[in-house]
Amino acid sequence: MQVEGLPPLPSVFSPFRLREGADAVARAVELAPAHGAGTLCWVGSPQRAEAAVVLEPDRPLGPARIAFLAGCNALADAVCAIAPPELPVRWRWPGTLTVNDGVVGGMRMALPPDAAEGEIPAWLVLGFELRLRWSASVIPGERPDETSFFEEGFDELDPAVVTEHFARHLMANLDEWEARGLRRVSDKYLARLEDGQGAKRGIDPATGALVIERDGERETRALP
């Protein structure tokens, strides 16, 4: 499907373009009950790329949260596909994305307010936001732990192209999860994760939580 400003997408997606300054996740949550899976809200802005997509899980809430990690993999895959060669793209648990050690954006997840553990949620929303370039109000160097794609040497990026890359990589990663199971999702995610490096790490298949084991101690970090 093609809409104004957005490259053609597979027919499973129903895109909704939002005005600059809108919240894609919030709008996708509003549309989810009526429009269902494949609803894709995206923001057209020269300074940021932001989009959110509605999924309809086929498993209970605990394991359904693993879709968040599949979404993280999709976003990192999309960024790596358009990044300068050998630029490090990593995650800080659970959904903070860094490029060259500077925070550039992240992944969010939203669920129905009545979603209950052990039950299949009616929908799930995955959304991302990436900083393409700083606004004119930001003084260079005043946020040393953060960065933008422009600062890191990316070519001029169109948020529509970033959204299209994410959507296609999301389909691929969800298909991988279905065909090859949690191990494929967790291996890809953990390979880019900064937290717990040097320790034994894993993803709890029942909840999607990060499990870190070091020196005989076990730490569990839940997904949002």
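All heavy atoms count here, side chains included; hydrogens, waters and symmetry mates do not. What you are looking at is a predicted structure, and each value in this text was computed from that prediction instead of being measured.
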Check whether [X] reaches the backbone of [Y] with its side chain - one donor and one acceptor, N or O, closer than 3.5 Å.
| X | Y | result |
| --- | --- | --- |
| N73 | Y189 | yes |
| R201 | D195 | yes |
| R131 | V103 | yes |
| R214 | K200 | no |

4.5 Å side-chain heavy-atom contact, [X] and [Y]:
| X | Y | value |
| --- | --- | --- |
| P63 | P205 | no |
| E152 | P84 | no |
| L87 | F154 | yes |
| I212 | R218 | no |
| E176 | E178 | no |

Transitively linked via ILVMFWY side-chain contacts under 4.5 Å: [X] with [Y]?
| X | Y | value |
| --- | --- | --- |
| V104 | W42 | yes |
| M107 | V79 | yes |
| V12 | L6 | yes |
| V43 | M109 | no |
| L9 | V161 | no |

So does D77 pair up with R168, basic N to acidic O under 4.0 Å?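 Here D77 does not pair with R168 in a salt bridge, since their nearest N and O are not under 4.0 Å apart.
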
Residues T96, W91; criterion side-chain contact (heavy atoms from CB on, under 4.5 Å); working and verdict: CA-CA 6 Å; T96 299; W91 289 103; 5.6 Å; no

Can you tell me how far apart [atom1] ([X]) and [atom2] ([Y]) are? Round to the nearest 0.5 Å.
| X | Y | atom1 | atom2 | answer |
| --- | --- | --- | --- | --- |
| L40 | E164 | CG | CD | 10.5 Å |
| L193 | S186 | CG | OG | 11.5 Å |
| L31 | C41 | CG | SG | 5.0 Å |
| L18 | R27 | CG | CZ | 7.0 Å |
| E30 | T39 | CD | OG1 | 12.0 Å |
| I66 | T207 | CD1 | OG1 | 7.5 Å |

Is the count of non-hydrogen atoms from other residues, nucleotides or ligands lying under 6.0 Å from R183 atom CZ greater than 12?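 Counting other residues, nucleotides and ligands, CZ of R183 stays at 12 neighbours or fewer.
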
Any donor-acceptor pair under 3.5 Å linking the side-chain atoms of W134 with those of E151?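 Side-chain D/A pair, E151 to W134: present.
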
Do we see a donor-acceptor contact under 3.5 Å between the side chains of Q47 and S135?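 Distance-only check fails for Q47 and S135.
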
Establish, for the pair R59 and W177, whether the NZ or CZ atom is under 6.0 angstrom from the six-membered ring centre and no further than 45 degrees off its axis.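 Yes; both conditions hold, so R59 lies above the ring face of W177.
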
Shortest non-hydrogen contact between [X] and [Y], atoms and distance:
| X | Y | result |
| --- | --- | --- |
| A110 | V25 | CB-CG1, 4.0 Å |
| M171 | P10 | SD-CG, 3.6 Å |
| E56 | A37 | OE2-N, 3.2 Å |
| T220 | A209 | CG2-CB, 3.8 Å |
| C72 | P94 | SG-O, 3.9 Å |
| L132 | S45 | CD1-O, 4.2 Å |

Where do L97 and L130 land on the side-chain contact (heavy atoms from CB on, under 4.5 Å) test, with the steps shown first? CA-CA 9 Å; L97 188 68; L130 298 174; 3.7 Å; yes

Where do E129 and R108 land on the salt bridge (charged side-chain N to carboxylate O under 4.0 Å, His left out) test, with the steps shown first? CA-CA 8 Å; E129 183 174 357; R108 298 163 57 192; 5.3 Å; no

In residues 114-127, what donor-acceptor pairs under 3.5 Å come from side-chain atoms, sequence neighbours left out?
| residue | atom | partner | partner atom | Å |
| --- | --- | --- | --- | --- |
| E117 | OE1 | R65 | NH1 | 3.4 |
| E117 | OE2 | R65 | NH1 | 2.8 |
| E117 | OE2 | R65 | NH2 | 2.7 |

Show the numbers, then the answer: is there a side-chain contact (heavy atoms from CB on, under 4.5 Å) between V162 and F128? CA-CA 11 Å; V162 177; F128 75 86; 4.2 Å; yes

Could you go step by step and tell me if L174 and L55 meet the side-chain contact (heavy atoms from CB on, under 4.5 Å) rule? CA-CA 10 Å; L174 292 175; L55 306 179; 4.0 Å; yes

Looking at residues at least two apart in the chain, or sitting in another chain, which of them share a side-chain contact (heavy atoms from CB on, under 4.5 Å) with E194?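 Testing E194 for side-chain contact (heavy atoms from CB on, under 4.5 Å), a comparison that skips the adjacent residues, returns R90, R92, T98, D101, Q197.
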
Candidates V211, L190, L223 - the one meeting side chain to side chain contact (heavy atoms under 4.5 Å, CB included) with I203: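 By the side chain to side chain contact (heavy atoms under 4.5 Å, CB included) criterion, I203 pairs with just one of V211, L190, L223: L190.
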
